[in-house]
Amino acid sequence: MLGHRPVPCSAMVPNDETLFEKVVNLSKRRGFVFQSADIYGGFRSTYDYGPIGVLLLRNVKEQWWRTMVQLRHDVVGLDASILTPPAVWEASGHLANFTDPLVDCRECGARHRQDKLDEPDTCPACGKTGSFTEARHFNLMFKTHAGPMADSAAEVYLRPETAQGMFINFANVLNTSRKKPPFGIAQIGKSFRNEITPGNFVFRTREFEQMEMEFFVPPAEADEWYRYWCDARRSWYLDLGMPQDRLRLRDHDSDELSHYSTATADVEFLFPWGWDELEGIANRTDFDLMRHAESSGARLEYHDPGSGDRYVPHVIEPAAGATRTAMAFLMAAYDEEEVRDDTRTVLRLDHRLAPYKVAVLPLSKKAELIDPSNEVLGLLQPHWMCDYDQTQAIGRRYRRQDEIGTPFCVTIDFDTLDDRAVTVRERDSMEQERVPIEGLVGYLTGRLTS
Ligand code: GAP
């Protein structure tokens, strides 16, 4: 709970259709997210995270790592490779099963995922009924070649999930970390899927980041740990300020389950287009370890030296999307309010997620204010990401910081030269307080962690 400070719920109506547009515009305008290869006309469905967005994304990932690894004694980390040989995907079932059913409309040529059609027989692009081709099963994995020969012997895949890295390293981690079930292996990293219908900004893209943890448990404890992780993961979002009424846990029906899972629940967020998935928590049983043991010949089991028991652990997997979650936090935090006949846009982000924690703002560009401003910046930078801005009127600069969710602005004015104090302005209340420079780090530490 260190650093937690509950934030007020967004005043924007969650499914206000303008919210999506406003957040996308803000993201582009303020440097959260840019269209990839923008100067070449943009590369569809891939995005680059700009100076502010990269900080938000890092903070989401850091909070996940802190909760899932740092604050636990039973989870260790991993950073596995993205390029993976086909044998891994053969064993995991991805080569055979990681497909989407694809149909083409004979009338207008539009291509759709059959399982996502509102009306199974009607083309949403042209309205024609009965015009679809037979469904083809399209594998979502990106294939490439390792080395100079582009032949089938050199084929490798970009991983479509980070999870398999944890399974194929199970024995390595077990032998080197002195852990025993129940224990987990956690990883954050990029995954790639050749999605047929990417869209909704960074919600569904072909290149994205995942935050996944495989928790290996004695088989008899699997149900209990499944419930534990469903609760724990839901709480993580709420603790970081996600409003209760925009977050839910939804159990999968049996026909929705993946080929490896006996139970799955999704953490869903109320996006402007409706409820949609942020994370899946799955009971993967012993499927993956068994398949990799069979295919590789390695022994992937736990041997309890005390009891002499040998067993293949079952796996509970909380699998979240970092990029998608960052977008959900942006949407939940976006707010507008009337202040003195003007509309103030403010991102009411939890302090831990805010890209910059503090902005240092000299009241004017006059030379005598620059030295004390640099002194203040130098005091704060070792502790927090800080912004520095000396252009435009101070009111406009406050608004620019509100828009990107900066919790505190520190203004250096001409009185500072006499009293060595600065004005600290808080984002949500806009209240201001005079604080001595000598006590500034202690003051902000208290406010950013209370
Ligand atoms: N290892 C299990 C697994 O990968 P998943 O539900 O396919 O499960 C987990 O993916 C999470 O990864 C999703 O809940 C979502 O947040 C994120 N994710 C999946 N595909 C994505 C995509 N195309 N774009 C952005 N995020 C995606």
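These numbers come from a predicted model, not from an experiment. Order of listing sets the numbers, starting from 1, for every ligand and every atom in it. For the numbers below, each heavy atom of this structure counts, side chains included, while hydrogens, waters and symmetry mates do not. Along the sequence shown, the residues carry numbers beginning at 1.
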Would you say that more than 12 heavy atoms from the other residues, nucleotides or ligands in this model lie under 6.0 Å from the [atom1] of [X], or not?
X	atom1	answer
R396	CZ	no
K179	NZ	yes
E338	CD	yes
F43	CZ	no

Go through ligand 1 atom by atom and flag the ones less than 4.0 Å from a non-hydrogen atom of [X].
X	value
E212	1 (N), 2 (C), 3 (C), 4 (O)
E317	1 (N), 2 (C)
R284	1 (N), 2 (C)
E279	14 (O)
E161	1 (N), 2 (C), 3 (C), 4 (O)

Charged N to carboxylate O under 4.0 angstrom, E403 versus R29?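 Counted as a salt bridge, because a side-chain N and a carboxylate O are separated by less than 4.0 Å.
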Does only the side chain of [X] get under 4.0 Å from ligand 1, or the backbone, or both, or neither? Count heavy atoms.
X	answer
Q210	side chain
M213	neither
Y260	side chain
T162	neither

Contact between Q164 and ligand 1, counting heavy atoms under 4.0 Å? no
Taking the non-hydrogen atoms of F269, is any one of them nearer than 4.0 angstrom to ligand 1?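 No, F269 has no heavy atoms under 4.0 Å from ligand 1.
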Do any nitrogen or oxygen atoms of [X] lie less than 3.5 angstrom from nitrogen or oxygen atoms of ligand 1?
X	answer
A163	no
E195	yes
G321	yes

Any chance you could measure W273, atom CH2, to N200, atom CG, to the nearest 0.5 Å? 4.0 Å
With rounding to the nearest 0.5 Å, note down the distance linking NZ in K190 to CG in L158. 11.5 Å
Nearest non-hydrogen protein atom, atom 14 (O) of ligand 1: E277 OE2, 2.5 Å
Taking the six-membered ring of Y398 as reference, does the cationic atom of R425 (NZ for Lys, CZ for Arg) lie under 6.0 Å from its centre and within 45° of its axis? yes
